[in-house]
Amino acid sequence: MAQHPLILGIETSCDDTAAAVMAGDELLSSVVSSQAFHGEYGGVVPELASRDHQRLIVPVVQKALAEASVTHAELDGIGVTYGPGLAGALLVGLSFAKAMAVGLDVPLFGINHLEGHIYSAHLAPEKPPFPYLCLIVSGGHTELVRVDEGFSHVVLGRTRDDAAGEAFDKIARLLGLGYPGGPEIDRLATDGDPSFYTFPRASLDGYAFSFSGLKTSVLYYLNDHAEDERQELLASHTADLCAAVQQAIVDVLVDALARAIDETGIRDIAIVGGVSANRQLRSDAQALMQEKGATLYVPEPAFCTDNAAMIAVSAVHKFRLGLTSPLNLTAAPSLSL
Ligand code: KG4
Ligand code: ZN
């Protein structure tokens with residue numbers, strides 16, 4: 001007999017169609033179908049994303065249930081991302097989830113995608129105790145949050161312009177790399193020298209972040225070279241430039257964590273979202289934890305980028321707290337924490 005509650009999680013906020021099943025604290029399945037074709041356009045095309053979610057949602061949900069050996073009739077609730085994200089993409093998952101909740105007569109749990117990323121830290125066997133600090137670093141968000149019990153969060157700071165993942169993606173494009181750029185920069189930086197060039201680290205008041213200046217400085221740096229020199233530079237030093245850019249982003253994030261640990265006294269730190277898969281960030285953050293006597297919680301790489309296990313685990317928490325959502329819940333493309 002599976003643990004209670006049995007929850008299906010659904011995520012369609014951007015370009016990943018995902019479904020996962022949890023039985024209590026145990027993840028039974030997690031299926032992610034990534035829409036790889038957006039790479040051709042250099043970024044996600046909203047209309048194409050919605051159409052592909054529509055095509056994939058039924059097979060992805062069926063696969064998640066089959067892999068978990070669970071039938072629809074056994075489910076105790078449906079968790080679904082209702083924002084932030086692309087309106088048309090969100091509507092596919094939300095409408096599907098509502099239909100299932102109505103059809104099965106089980107509760108619906110609307111999940112804020114950012115809460116989903118936060119709760120991805122609870123998928124690992126070692127879970128962060130409340131309150132903890134959570135750095136959410138994804139393609140759309142960079143926020144430092146104090147996470148309290150009961151879905152209450154205090155945002156300590158966020159980016160004023162580009163998100164950390166967006167900076168990776170936009171700079172990768174300037175360097176002639178593919179989309180998404182974060183994993184490419186991470187991979188190439190392994191063979192690079194971060195001291196090849198020192199790009200600026202924006203330092204703002206409190207825990208505010210800014211990454212657009214870094215992007216501009218990479219653009220100016222490249223434009224300072226004549227076309228043939230630039231081609232030569234990229235041919236022989238792309239790895240060095242990747243390492244230098246990556247270090248500039250990681251330094252800013254780790255510095256904010258260091259200050260937050262000192263100022264709040266909280267020593268349980270989670271890093272979540274696509275950029276938390278970055279190996280330099282993980283190792284520099286781990287070094288900081290050792291220095292501060294703190295504990296780091298990072299999801300395994302598959303749960304850093306968008307997935308539905310993080311939506312299912314959030315819904316399990318909401319189920320236990322009785323935080324159900326009304327069936328007239330609407331998609332909220334600009335939802336914040
Ligand atoms: O969380 P996510 O899948 O989607 C959003 O909610 O935005 O994050 C995607 C972002 C992209 O910007 C991607 O370049 C970045 O995460 N990313 C990485 C790495 N893996 C994914 N950035 C740096 N290093 C990585 N290894
Ligand atoms: Zn995300």
Side-chain angles (χ1 to χ4, degrees), residues 13-16 32 34-50 52 84-86 89 113 117 136-143 158-202 209-253 273-281 301 304-306:
S13 67
C14 191
D15 58 344
D16 296 296
V32 181
S34 300
Q35 305 174 354
F37 61 82
H38 294 288
E40 278 173 49
Y41 305 95
V44 178
V45 184
E47 173 70 16
L48 298 182
S50 323
D52 222 42
L86 302 168
H113 181 82
H117 275 301
I136 309 172
V137 269
S138 72
H141 296 271
T142 300
E143 319 214 355
R158 52 168 60 103
T159 183
R160 296 222 176 124
D161 41 57
D162 293 349
E166 192 178 358
F168 272 109
D169 295 339
K170 288 179 173 171
I171 292 169
R173 199 169 177 172
L174 295 176
L175 297 175
L177 306 174
Y179 175 87
E184 280 280 279
I185 290 184
D186 185 345
R187 188 175 59 79
L188 291 166
T190 322
D191 298 321
D193 173 7
S195 64
F196 177 73
Y197 189 81
T198 304
F199 289 108
R201 277 88 167 135
F209 302 93
S210 168
F211 294 104
S212 70
L214 172 62
K215 175 190 63 194
T216 309
S217 84
V218 174
L219 180 66
Y220 285 176
Y221 173 81
L222 292 172
N223 286 347
D224 274 348
H225 296 77
E227 178 61 25
D228 52 339
E229 274 175 22
R230 187 159 62 234
Q231 292 312 328
E232 209 170 294
L233 176 76
L234 289 175
S236 42
H237 292 291
T238 295
D240 296 326
L241 291 170
C242 285
V245 163
Q246 174 174 269
Q247 199 60 58
I249 296 173
V250 168
D251 283 353
V252 166
L253 298 173
V275 179
S276 67
N278 185 269
R279 287 170 292 170
Q280 192 67 42
L281 176 59
C304 292
T305 46
D306 288 349

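Only a predicted model underlies this, so the values are computations on that prediction, with no experimental measurement involved.
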Rounded distance [0.5 Å steps], [atom1] in [X] versus [atom2] in [Y]:
| X | Y | atom1 | atom2 | result |
| --- | --- | --- | --- | --- |
| Glu227 | Leu222 | CD | CG | 10.5 Å |
| Leu174 | Asp169 | CG | CG | 11.5 Å |
| Asp251 | Leu281 | CG | CG | 10.5 Å |
| Ser212 | Arg160 | OG | CZ | 11.0 Å |

Is any side-chain heavy atom of [Y] closer than 4.5 Å to one of [X]?
| X | Y | value |
| --- | --- | --- |
| His113 | Asp306 | yes |
| Gln246 | Phe168 | yes |
| His141 | Arg158 | no |
| Ile185 | Asn278 | no |
| Leu188 | Leu241 | no |
| Phe211 | Ile171 | no |
| Asp16 | Thr305 | no |
| Asp224 | Arg230 | no |

For [X], salt bridge (charged side-chain N to carboxylate O under 4.0 Å, His left out) partners two or more places apart:
| X | result |
| --- | --- |
| Arg187 | Glu184 |
| Asp191 | none |
| Asp162 | Lys170, Lys215 |

Measure across [X] and [Y] and return the closest heavy-atom pair with its distance rounded to 0.1 Å.
| X | Y | value |
| --- | --- | --- |
| Ala49 | Cys14 | CB-O, 3.8 Å |
| Gly192 | Ala243 | C-CB, 3.7 Å |
| Ala163 | Ser138 | CB-O, 3.6 Å |
| Gly274 | His117 | N-CE1, 4.5 Å |
| Cys242 | Leu177 | SG-CD1, 3.9 Å |
| Ala277 | Cys304 | N-SG, 3.8 Å |

Take atom CD of Gln231 as the centre, draw a 6.0 Å sphere, and report whether it contains more than 12 heavy atoms from other residues, nucleotides or ligands.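 Count over threshold, so yes.
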
Look at atom CZ of Arg201 and say whether more than 12 heavy atoms of other residues, nucleotides or ligands are closer to it than 6.0 Å.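 Buried by this count: over 12 neighbours within 6.0 Å.
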
Tell me whether Thr142 contacts the main-chain N or O of Ala164 through its side chain, where contact means a donor paired with an acceptor under 3.5 Å. yes

Check whether Asp186 reaches the backbone of Arg279 with its side chain - one donor and one acceptor, N or O, closer than 3.5 Å.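 Judged by distance alone, yes, a pair lies under 3.5 Å.
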
Please determine whether side-chain contact (heavy atoms from CB on, under 4.5 Å) holds for the pair Leu48 and Asp52, giving the CA-CA distance in whole Å, both sets of side-chain angles, and the decisive distance to 0.1 Å. CA-CA 6 Å; Leu48 298 182; Asp52 222 42; over 6 Å; no

Could you label the plane-to-plane angle of the Tyr221 and Tyr197 rings as parallel, tilted or perpendicular, counting under 30° as parallel and over 60° as perpendicular?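 Geometry flag for Tyr197 against Tyr221: tilted rings.
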
